[in-house]
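What you are looking at is a predicted structure, and each value in this text was computed from that prediction instead of being measured. These values consider heavy atoms only, across backbone and side chains, with no hydrogens, waters or symmetry-generated copies.
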Amino acid sequence: MENIYLILVLVLFLLAISDLVVGVSNDAVNFLNSAIGAKAAPFKIIMLVAALGVFVGATFSSGMMEIARKSMFNPEHFYFQEIMIIFLAVMITDVVLLDLFNTFGLPTSTTVSIIFELLGAAVGVSIIKVMNDPAIPMSEYINSAKALAIISGILISVVISFSIGAIVQYITRAIFSFRYQNRIKYLGSLWGGIAITAITYFILVKGANGSSFMTAETKAWINNNSNLIILYSLLGWISILQIFHWVFKLNILKFTVLAGTFALAMAFAGNDLVNFIGVPLAGFEAFRDYISTPGATPTSLLMGLTGRTSKDGDLYFTHRRTHYGGHLVDFQKSPKSGQNIGRFKSPGRRR
């Protein structure tokens, strides 16, 4: 039986590779079109900057992993077999959907796709569970509060991005549309410094919380000194851009576009790229949980993918339950030894 689910895990990772191919081809235009359209640099340089942004952004993506693990549904109410069915359905749907949209040249959001695929798959399995056991309502299976919060966040982000984009575009055009050659000498470094400082703020201050390589002390220092970081970044970038403009005739606006391309590629890797690998990784963690639980069967092991991480990097699974010898047993991984600690509960009805 374990071999079947091992094959399913391998299929999830193969689908993740396919999803990366179709997903990146769908989203790459989002962070490349500005630099290419503005001819900010040769095409190879733009691709190199974008590649560096994707590489760096991948290290700031740990927080987004939780969407696949627990954000759209309550995994503690699903058995291992049902979890694997949900994840497999999500990955197959995502590959087919993105490939279909790419074929017809239609834009789509990979974040919206993965969220509603998770929600739809969970609702489908939940309907079957409710039909088999009407005593447990649908609200127990679906994390409706978190789902609504994520959906609301997506809708609000559309409004905010449109409004902020229009305001920034108006200010930029008002400053540089007329007498461009004269104003760029004095206002170019100020404008570029403000823009790149904003990028630095989101990369360091906001992105540090999701970083996988920064220590807790480093993150705390960044958060405690965020104002100084912003101030020194602003002064430093203004000085550097002005000096480079005087000495090397640097086109400040083109450099700012390249910096924005790096930031967009980094944001893509930290946010959207996780959509393609979060589900297979969650499936792999569920499989590890299954094979490490003594006496567990795919139809008796309740999953509790909380995503809480121990000091040595191991993922905790709380509310791991299985029916063993007529009893409901809770398993929790020890943070020191990594072994499973079982606690027998009173006999309970299988849900």
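Listed for the N143 side chain is no donor-acceptor partner under 3.5 Å among the backbone atoms of N74. The backbone N or O of A174 lies less than 3.5 Å from no partner atom in the side chain of S177, so there is not a single donor-acceptor pair. Under a 3.5 Å cut-off, the side chain of T293 and the backbone N or O of A296 do not form any donor-acceptor pair. E140 contributes no side-chain N or O that, together with a main-chain N or O of P137, makes up a donor-acceptor pair within less than 3.5 Å. Of the possible polar contacts, one joining the S161 side chain to the V158 backbone as a donor-acceptor pair under 3.5 Å is found.
Side-chain contact check for S113 and T110: no donor-acceptor pair (N or O, by modelled atom type) lies under 3.5 Å.
Side-chain contact between Q242 and L190: absent, with no pair of heavy atoms (C-beta onward) separated by less than 4.5 Å. Using a 4.5 Å heavy-atom threshold, the side chains of T108 and V112 count as separate. You'll find the side chain of K129 reaches within 4.5 Å of the side chain of F78, heavy atoms only. The closest side-chain heavy-atom distance from Y5 to P298 is below 4.5 Å. Taking the side chain as every heavy atom from C-beta outward, F73 and V125 never approach each other to under 4.5 Å. Contact of the Y79 side chain with the T299 side chain is not registered, since no non-hydrogen atoms from C-beta on lie closer than 4.5 Å. A 4.5 Å side-chain heavy-atom check between L118 and F87 finds at least one atom pair inside the cut-off. Residues V22 and F101 form no side-chain contact, since every pair of their non-hydrogen atoms from C-beta on lies 4.5 Å or further apart.
Judged as a side chain to side chain contact (heavy atoms under 4.5 Å, CB included), and not counting sequence neighbours, the contacts of I7 are V11. In this structure T256 satisfies the side-chain hydrogen bond (donor to acceptor under 3.5 Å, both in side chains) test with no other residue, sequence neighbours excluded. A search for ring-ring contact (aromatic ring centres under 6.0 Å, His included) contacts involving F248 returns F244, not counting sequence neighbours. Legend: residues meeting side chain to side chain contact (heavy atoms under 4.5 Å, CB included) with I229, ordered by chain and number and at least two apart, are L204, W221, I222, S233. For F43, the ring-ring contact (aromatic ring centres under 6.0 Å, His included) criterion is met by no residue, not counting sequence neighbours. In terms of the side chain to side chain contact (heavy atoms under 4.5 Å, CB included) criterion, residue partners of V95 (sequence neighbours excluded) are, by chain and number, L15, S18, D19.
The 12-atom threshold is exceeded at CH2 of W191, counting heavy atoms of other residues, nucleotides or ligands nearer than 6.0 Å.
If you take CD1 on I92 and CG on L97, they are separated by 13.5 Å, rounding to the nearest 0.5 Å. Once rounded to the nearest 0.5 Å, the distance linking CG of L88 with CD1 of I85 reads 8.5 Å. Atom OG1 of T261 is separated from atom CD1 of I36 by 8.5 Å, given to the nearest 0.5 angstrom.
Ring geometry for F13 versus F284: interplanar angle over 60°, hence perpendicular rather than tilted (30 to 60°). Ring planes of Y141 and H77: perpendicular class, angle over 60° (limits at 30 and 60°).
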